[in-house]
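What you see is a predicted model; the values in this text were computed from it and never measured. Position 1 is the first residue of the sequence, and the numbers go up from there.
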Amino acid sequence: MFRRSRAGQDGAGKGRGDGPAGDGENKPATEADPWTSFAPAPEPVPGRTGRAIRATGRFLVHEWTLAVLASLALAVGMTWPTLRYPLYTLPQDYWDPSLQAWQMAWSGHALRTNPGQLFQSNTFFPEPWSFAFSDMLLGYAPAGLLGTGPDAAVLRYNIMFVLAHAMATFGAYVLARQLGAGRIGSAVAGVSYTYAPWLLAQAGHLHIVSNGGIPLALAMLARGHGWSLRHGYRPERRRVGWAYAGWVVAAWQLSLGFGIGLVFAYVLALTLLVSAAVWFWRRRRVRRPFGRRLFVADLVGGLLFAAVGALLAVPYFKVAELHPNAERTLGDIGVYSPPASGFFTAPAESWIWGGLHEGARAALPWHPEMTLLPGFVLYALAAGGLFFSVWRLRHRLLMLAGVVVTMVIAMGTRFFDGTFTYAPLFEHLPGFNGLRTPGRMMLWTTLLLGLLAAGAVSAFARRVREISADRVPARPSPWLRAVTLLPLLLVLVEGLNDTPHPVVPEQPVAMRTVEGPLLVLPSGQNQDQPVMLWSTTRFQQVVNGGSGFTPKQLDDVRRVSAAFPDQTSVDYLRTLGVRNVVLLRDQIVGTPWEVTVDAPVEQLGITRQQVGNAVVFRL
């Protein structure tokens, strides 16, 4: 027994590997676990191609990707038939769109040839700073680098027109999402902001339709600062890159024109002042980190925004100095100030309300700028959002106050003569006296109404999910899904357009061959804007031009040349430096030129030549 026990102890000692020999081959092998046969096979590690495919798939189904694609598809459909004949037609009319098509073409031409002469355009010869006679759409200059001639200019305009609608929808959607609204509620905000009935009357004003940078910049800035309406300031969500991006987009939006960009600049400045004051006030009670990097981003971004505004303002100050008649007065504002009934009147371009509101439009002094209906569906949804919403009560009341204030300002001098509303802004805020149409403040009214509506629709969608959680399976029924989409569909229907798309007048052959400086007759505001478009083949200098005001010299040219060709008009045009006069035969019916176009000209020291449908007089 003793020997067996001792042997067992010795064997145990060797089994523990107490000595060098215990680490060798005498150690028993570990048996495999039989249950591993039932375990799932390990997932194969994807290669570089597999990872790229997965990343692409995630990108394609990401919310922002789907939102961009939906915004583009919606823009094509809701602006139809803009892209049906994009080389030959323009939305609403061919007057202001021709001017704006020329603006994009000229900015691209100037960047290619002589950027230093950007503001000295080829129109309104011999006036200086003529590119600043109206909003310049300078932010679209990169598009102007592609293509030449009127056909390319018209195509470019139509594409940018559709893309502007897509960007506005996406921008308002992103803003609502950043503030805390649900997907369907944000879609309502995006669609109502872009396709509000009153904006259909602005289809011929690309600088007004191009407003998507406003909500997009606000969304980026809010995201960069870690702020949302529902959750407030969350320092852990700060993203400096988004703050920089927001300032860049804001500066780009300002470069499209001061028509809506000026108000945006003041709103942005006011928002920053209020936000800074609230942050410092709350920081006294609870330490609220901000960060040096974010402060630098705001400083650099704010300086960039201010620099863009200052540089763009210089040519406008030059124009105001050279042309005192370009300055607006409160009397001019009164002409375009809408009454309260305008907020419930739709323009003729509205598919659903246009015919029904014909009598109401007839009662308005200038209905193209006074039909300001943002949508009856939007009114109803926003009213519901005051009582049932994902937003807090104080936020709803602030939005309601914003709606009332912007509506009052939009009435211009109609609200108690504007004494305490529009007049102080007009007289004391720099640049406000250059704005002619106060009704365009409805852009901000529409955005605030859309956010109120987004809060109501988001709360309704959340309630549907709560009801569906008690179902088996826990998902909404098709009927409940359809009900949540109903507000979006109603807003879309109310935004359908009946916008005319006239054919652009064909470019005369003479505009492709005759050198400048030249004058095209007949000349007038509406006749000259297509002439500007025709000049995009050669960009020769032309006396013609159409803008928000008529320079005194152009007015004199039109008055004197009414008797052309005679000695007085020939001498006057020679004094200006005009070398050729192009008289369009198809536009002179019923004018004195119908008789004088074939009169002898030898005694005047000029020659005449028929070029296509035009008569060219060489001075």
Report task. Check for a donor-acceptor pair, side chain of Arg440 on one end and backbone N or O of Ile208 on the other, with a separation under 3.5 Å. Result -> no
Requested in this report: Please work out whether the ring planes of Phe131 and Phe119 are parallel, tilted or perpendicular, with thresholds of 30° and 60°.
Outcome: tilted
Query - CH2-CG distance between Trp129 and Leu118, expressed to the nearest 0.5 angstrom - result: 10.0 Å
Query raised in the report: What are the two closest heavy atoms between Leu138 and Ser107, and how far apart are they?
Result: CD1-CB, 4.2 Å
Query - Any donor-acceptor N/O pair, Asn497 side chain to Leu200 backbone, under 3.5 Å - result: no
Requested in this report: Taking only Lys NZ, Arg NE, NH1 and NH2, and the carboxylate oxygens of Asp or Glu, determine whether Arg177 and Glu63 approach each other closer than 4.0 Å.
Outcome: yes
Query raised in the report: Does CZ in Arg112 sit with more than 12 non-hydrogen atoms of other residues, nucleotides or ligands closer than 6.0 Å?
Result: yes
Query raised in the report: Which heavy atom of Gly309 sits nearest a heavy atom of Leu254, and at what distance?
Result: CA-CD2, 3.5 Å
Query - Val405/Thr421 under side-chain contact (heavy atoms from CB on, under 4.5 Å): CA gap, chis, key distance, verdict - result: CA-CA 9 Å; Val405 169; Thr421 56; over 6 Å; no
Query raised in the report: Would Trp102 and Asn122 count as a side chain to side chain donor-acceptor pair (under 3.5 Å) if you check the C-alpha gap in whole Å, the side-chain angles of each, and the deciding distance to 0.1 Å?
Result: CA-CA 10 Å; Trp102 165 82; Asn122 70 308; 3.1 Å; yes
Query raised in the report: Hey, what do you get for CD1 (Ile409) to CG (Leu425), rounding to the nearest 0.5 Å?
Result: 5.5 Å
Report summary line: When Leu533, Leu206, Asp135 are each screened for side chain to side chain contact (heavy atoms under 4.5 Å, CB included) with Gln100, the one that passes is Leu206
Requested in this report: Applying side-chain contact (heavy atoms from CB on, under 4.5 Å), run through Ser98 and Leu90 and close with a yes or a no.
Outcome: CA-CA 8 Å; Ser98 292; Leu90 286 170; 3.9 Å; yes
Report task. Determine whether Val542 and Met532 make a side-chain contact, defined as any pair of heavy atoms from C-beta on separated by less than 4.5 Å. Result -> no
Query raised in the report: What's the spacing between Leu452 CG and His395 NE2 if we round to 0.5 Å?
Result: 12.0 Å
Requested in this report: Under the salt bridge (charged side-chain N to carboxylate O under 4.0 Å, His left out) rule, collect the residues that match up with Asp556, sequence neighbours excluded.
Outcome: Lys552, Arg559
Query raised in the report: Given the rule in the side chain to side chain donor-acceptor pair (under 3.5 Å) test, do Tyr140 and Ser210 qualify, once you have shown the distances and angles that lead to the verdict?
Result: CA-CA 10 Å; Tyr140 289 151; Ser210 300; 2.7 Å; yes
Requested in this report: Answer with yes or no whether the side chains of Ser134 and Gln103 bring together a donor and an acceptor at under 3.5 Å.
Outcome: yes
Requested in this report: May I have the step-by-step check of side chain to side chain donor-acceptor pair (under 3.5 Å) for Asn580 and Glu515, ending in yes or no?
Outcome: CA-CA 7 Å; Asn580 297 292; Glu515 295 181 355; over 6 Å; no
Report task. Check whether more than 12 heavy atoms from other residues, nucleotides or ligands sit under 6.0 Å from atom OH of Tyr88, and answer yes or no. Result -> no
Query raised in the report: Rounded to the nearest 0.5 Å, what separation is found between the CZ atom of Phe125 and the CD atom of Gln540?
Result: 12.5 Å
Report task. Apply the test side-chain contact (heavy atoms from CB on, under 4.5 Å) to residues Thr536 and Thr148: give CA-CA distance (whole Å), side-chain angles for both, the deciding distance (0.1 Å), then the verdict. Result -> CA-CA 7 Å; Thr536 56; Thr148 57; over 6 Å; no
Query raised in the report: How far apart are the C-alpha atoms of Ser130 and Gln120, what are their side-chain angles, what is the distance that settles it, and do they pass the side chain to side chain donor-acceptor pair (under 3.5 Å) test?
Result: CA-CA 6 Å; Ser130 53; Gln120 317 300 330; 5.9 Å; no
Requested in this report: Hey, could you give me each pair passing salt bridge (Lys or Arg N to Asp or Glu O under 4.0 Å) that has a residue in residues 527-551? Not counting sequence neighbours.
Outcome: Asp528-Arg558
Query raised in the report: Which pairs count as ring pair (Phe, Tyr, Trp, His ring centres under 6.0 Å) when at least one residue sits in residues 312-333, sequence neighbours excluded?
Result: Phe133-His323, Phe258-Tyr316, His323-Phe549
**Report entry** Residue Trp444 excluded, over 12 heavy atoms near CH2 under 6.0 Å
**Finding:** yes
**Report entry** Spacing of Met442 atom CE and Leu199 atom CG [to the nearest 0.5 Å]
**Finding:** 9.0 Å
Requested in this report: Please examine the side chains of Trp366 and Val335, heavy atoms only from C-beta on, and report whether any two atoms are closer than 4.5 Å.
Outcome: no
Report task. Count the heavy atoms belonging to other residues, nucleotides or ligands that lie under 6.0 Å from CH2 of Trp64, then report whether that count exceeds 12. Result -> yes
Requested in this report: Apply the side chain to side chain contact (heavy atoms under 4.5 Å, CB included) test between Tyr193 and each candidate in Thr169, Leu449, Leu451, Leu443; give the one that qualifies.
Outcome: Leu443
Query raised in the report: For Tyr94, does the OH atom sit with more than 12 other heavy atoms under 6.0 Å from it, leaving out its own atoms?
Result: no
Query raised in the report: Minimum heavy-atom separation for Asn211 to Ala168, with atom names?
Result: OD1-CB, 3.4 Å
Query - By ring pair (Phe, Tyr, Trp, His ring centres under 6.0 Å) - contacts of Phe539 (at least two apart) - result: Trp106, His109
Query - More than 12 heavy atoms of other groups within 6.0 Å of Trp252 CH2 - result: yes
Query raised in the report: Would you say the side-chain atoms of Asn544 pair up with the backbone N or O of Val520, donor to acceptor, closer than 3.5 Å?
Result: yes
**Report entry** Side-chain heavy-atom pair Val278, Val274 within 4.5 angstrom cut-off
**Finding:** yes
Query raised in the report: Can you check side-chain contact (heavy atoms from CB on, under 4.5 Å) on Leu83 and Val76, steps first, answer last?
Result: CA-CA 7 Å; Leu83 294 183; Val76 172; 4.1 Å; yes
Query raised in the report: Counting only N and O atoms by type, is there a donor-acceptor contact under 3.5 Å from the side chain of Ser192 to the main-chain atoms of Leu378?
Result: no
Query - Leu312 vs Ser255 side-chain heavy atoms within contact, under 4.5 Å - result: yes
**Report entry** Closest non-hydrogen atom pair, Thr82 against Thr89
**Finding:** O-OG1, 4.4 Å
Query raised in the report: Tell me, which pairs form a side chain to side chain donor-acceptor pair (under 3.5 Å) where one or both residues lie in residues 403-414, sequence neighbours left out?
Result: Ser337-Thr413, Thr406-Thr445
Requested in this report: Please answer whether the main-chain N or O of Thr123 pairs with a side-chain N or O of Gln541 as donor and acceptor at a distance below 3.5 Å.
Outcome: no
Query raised in the report: Taking side chain as C-beta onward, heavy atoms only, is Leu163 less than 4.5 Å from Leu72?
Result: yes
Query raised in the report: Has Arg574 got more than 12 heavy atoms of other residues, nucleotides or ligands less than 6.0 Å from its CZ?
Result: yes
Report task. Would you mind listing every ring pair (Phe, Tyr, Trp, His ring centres under 6.0 Å) that reaches into residues 417-438, with sequence neighbours excluded? Result -> Tyr422-Phe432
Query raised in the report: How close do Tyr336 and Met370 get, heavy atom to heavy atom, and via which atoms?
Result: C-CE, 3.8 Å
Query raised in the report: Do Trp198 and Thr446 have side-chain atoms, one donor and one acceptor, less than 3.5 Å apart?
Result: yes
Report task. Indicate yes or no for a side-chain donor-acceptor contact from Gln92 to the backbone of Gly204 under 3.5 Å, with no hydrogens or angles considered. Result -> yes
Report task. Say whether Gln507 and Thr537, considering side chains only, have a donor N or O and an acceptor N or O under 3.5 Å apart. Result -> yes
Query - Taking every non-hydrogen atom, the tightest pair across Pro517 and Gly577 - result: CG-O, 3.5 Å
Report task. Mind checking the CD-CH2 spacing from Gln178 to Trp242? Nearest 0.5 Å is all I need. Result -> 9.5 Å
